[in-house]
Amino acid sequence: RASSVASSAARGAGRVCGGRWRGRPGGFACAMGFGQVIEAEAPENYRQYYLKYDHLKNLVLELAIGDSGPKRSRLESADLMEISGQPVGRFQEMLRAELQKVNQFACVKHEALFLGLRRLCDECRGLGKKLRELGAEQRGGLADAEAELKGIESAIQACADEIVHLDKYVRLNYVGFQKITQKFDKCLDVAGSALFVAGLHTEPFCNVRFDDVLILLGLAWMRWDEAQKAAPANAAGVWKPPESFVRNTAKYWIRPDKVVMLKTRIVKHLPYLIFGASTKEQEELLDPFALLHLDYAGADVQSTIGAYTGTMEESQLLSSVYFDSKDAVSYQERIHREEGARLVRFRWYGENNLEPDKEVFIERKIHHEGFGSAQSAKERAILPQKEVLAYMNGKFDIDGYYAKLAAEGRYSEKSRAAMKKIAHEVDDMIQQKKLQPIIRTSYYRCAFQRSDDNKVRISLDTQMSLLNEFRAGGHDQEPWCHISSDQLSKQDVYRFPFAILEIKLQNVSETPQWLRQTLADIEAIQVHKFSKFQHAMAFLHPEKVDIMPHWHQDFKDWHEKKDRFASLNNHKTHGTSFSRVLTSNSDGEGLDVPSIRAITHPTGEGHMLKDMQNLDPKGVFANERTLLHYAEKGIYVGGLAVALINQEDRTPKVMGLVLAAVTSLFYIWALCQYYARLDRIVGRAKVGKDRQLRLDWAQGPLIVGALVMLVLAISLGGAVSKSMHLKTPDS
């Protein structure tokens, strides 16, 4: 979404400025300044269009050193763009020029991408039609058509790379404006950066509509694939969600600055799934009149912003209200992963202004462990919003409602029966367990899937917010959930820092290779059994839960670091030198996302895995058995050492003492190895997960074998020596 770029860029300020993502172990560290970051990240042919950060920084230092006059009040300098007739006016003029340059480049680049992708879609469609009209024999000899297909593929890929660069361009420049104005404030003791940065959200470069070009990119890849196969895709198909979902789901955390790159990779293989819109309707963007929405002429800010009003969005607002009891019974069942644990939520799509006839989906999720034959599933029923409160309080006539649907001929008989069953089951759960709304999740979701196939479905949730819906007195009157006019405290809202990628496979056992490689390229973190509901309960209702999710500690440490940074920032002295302010990178770098303790996934292509702290008892017992086996071998050696020491001759005594020392060292080594293995088994999350890590010691059998061979050699040597000694007198 256009508006999400600026907000996620603000959250990504620390990561971009600091030069490394602290959420990944072993990430690249870099102490470079922000100007150097721009030089390193910006393509050479576009570098001139980026913010001249170093020039502005040098100007700030010059103004700060030469500013020997009386200090201006913060009220007079509140707006950085309106100071004129003063020495600092040079900074404002240069800042205004840089802002205009960035706006123009972003608009022109977006328009070029839109036109280029529209042209490529037309070329693919024309080439596909041409290939279908030709016979198989004629088509086989068309080397020119093959070359044209490759050329179009390269052009589409180039557009995809340009979209990723445009996203990076917006983020880097947003952070650059933010940092340079903050340094201006610190050096000249003014307070204008907050207003200036807030105004950036209305600038054209922060409102570029990525929806248009991303949808077009997906259509271009689909038309190219259609031309390559010379077979039309299912253009008229509109995906309809089934009443129940049986799926194998893997969830990943994605850094906000990697979201656009991820989307450009996915649409190459799976088209956008826009609820209720067919591919044919998506192609309305290819109509020449769509360009009327992309008129960048004129310098008026409002008219320029209006140029980005498209008619189709690739992401849809999705909200879910989860139910639980006052003592968090549902949470306890889910966190303990009890077989058959059930969870109730009410979900709707788009905005909710309490429209009476708005469809609310009543969903029941059921958990099944992997060792059984049953699979986890989600089943749903539909109710109009005007009936939700009565349904929650057990006063709704479920049988009468579905009888009315049958009389009206709505839905199939099978669908009505399934929804009626779920409605009764959820009603029983709410009344028996005294469930009530407790938290809400809201986020923008885009999905990727073929409209005629449910085998592979990918969804991406961004800008997720978690809200507290709990009422101590229950929900006995309207509205049944929070509405937009409600005042919420800071403690009632939690903003999740990552985007959430879900890969849902139905009757497919393995993630496709192209997707595994993409996950590695974007440094995704796969999170075992991640739950939005559990995360919301852990941070919005910590007093109700005694067991936290396995990823909770990483986020807790992150919040504590942010609090410490804010406290230190509030107590900074004003005696810091100008040069130190300008060269400092301590603006909260690395605090935009938590530092995640994770391992490299053993079966992936390089992405990370965040899993529970599993303690495999078999590993502990195997470690103990290994120690006992070593001790047994040591007893053999020790026994021989004692026997030799008790001999009268000097040589056997010396050999016995040597063997006794070797036996002592062997026992010390075996004990050290035991505790080292035990520490690795107990103190990590890698048991059964990291196949590249060995818990055994490769040299252990060699040492034991060498010790046994030494004992045999000494025993045989002694026997031979004794035999020869007995034969000598007879000879």
Side-chain angles (χ1 to χ4, degrees), residues 24-26 371 528 550 553 597-604 606 608-731:
R24 175 173 181 175
F371 53 76
H528 181 68
H550 66 87
Q553 189 61 44
R597 289 179 281 269
I599 64 171
T600 302
H601 198 289
T603 61
M608 308 303 292
L609 172 66
K610 174 69 177 177
D611 207 342
M612 293 181 290
Q613 295 286 339
N614 287 349
L615 179 60
D616 189 353
K618 293 186 294 184
V620 177
F621 295 146
N623 191 32
E624 293 179 357
R625 287 196 299 269
T626 303
L627 177 64
L628 294 176
H629 286 313
Y630 283 176
E632 181 184 4
K633 304 303 183 292
I635 291 174
Y636 300 153
V637 182
L640 179 60
V642 172
L644 291 174
I645 291 173
N646 290 328
Q647 297 294 318
E648 296 180 356
D649 295 338
R650 183 174 182 275
T651 301
K653 286 183 179 291
V654 173
M655 295 179 64
L657 291 173
V658 171
L659 279 181
V662 170
T663 304
S664 300
L665 293 175
F666 175 74
Y667 274 123
I668 293 173
W669 168 82
L671 195 61
C672 291
Q673 287 298 313
Y674 167 78
Y675 282 112
R677 289 195 198 95
L678 186 63
D679 182 64
R680 284 189 288 172
I681 291 172
V682 175
R684 62 181 173 80
K686 300 176 183 178
V687 175
K689 302 293 189 299
D690 192 347
R691 300 178 183 178
Q692 299 176 351
L693 180 67
R694 297 185 58 168
L695 289 176
D696 63 331
W697 197 50
Q699 289 76 18
L702 296 178
I703 293 177
V704 175
L707 199 60
V708 173
M709 290 298 294
L710 178 62
V711 172
L712 291 175
I714 293 175
S715 301
L716 291 175
V720 171
S721 176
K722 185 176 181 181
S723 176
M724 292 180 64
H725 179 71
L726 292 174
K727 291 180 180 180
T728 300
D730 297 337
S731 61

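Since the model is a prediction, treat every value here as computed from it, not as a measurement. Quick note: residue numbers are just sequence positions, from 1.
Counting heavy atoms from C-beta outward, T626 and R677 have side chains that approach closer than 4.5 Å. Counting only heavy atoms from C-beta outward, the side chains of L671 and Y667 never approach each other to under 4.5 Å. Put simply, the side chain of F666 does not reach to within 4.5 Å of the side chain of V637, judged on heavy atoms. Looking at heavy atoms from C-beta onward, M608 lies in side-chain contact with T600 at the 4.5 angstrom threshold. Considering only heavy atoms from C-beta on, Y630 comes within 4.5 Å of W669 through its side chain.
Using modelled atom types, one side-chain atom of H550 and one backbone atom of H528 make a donor-acceptor pair closer than 3.5 Å. Judged by distance alone, with hydrogens and angles left aside, the side-chain atoms of K610 form no donor-acceptor pair with the main-chain N or O of A598 at under 3.5 Å.
The minimum heavy-atom distance between G656 and A641, with the atom names listed, is O-CB, 3.5 Å. Nearest heavy-atom pair, G638 versus T663, reported as atom, atom and distance to 0.1 Å: N-OG1, 3.8 Å.
From K633, atom NZ reaches atom CG of L628 across 10.5 Å, with rounding to the nearest 0.5 Å. Rounded to the nearest 0.5 angstrom, L609 CG and I599 CD1 are separated by 5.0 Å. A distance of 8.0 Å separates CG of L657 from NZ of K653, quoted to the nearest 0.5 Å.
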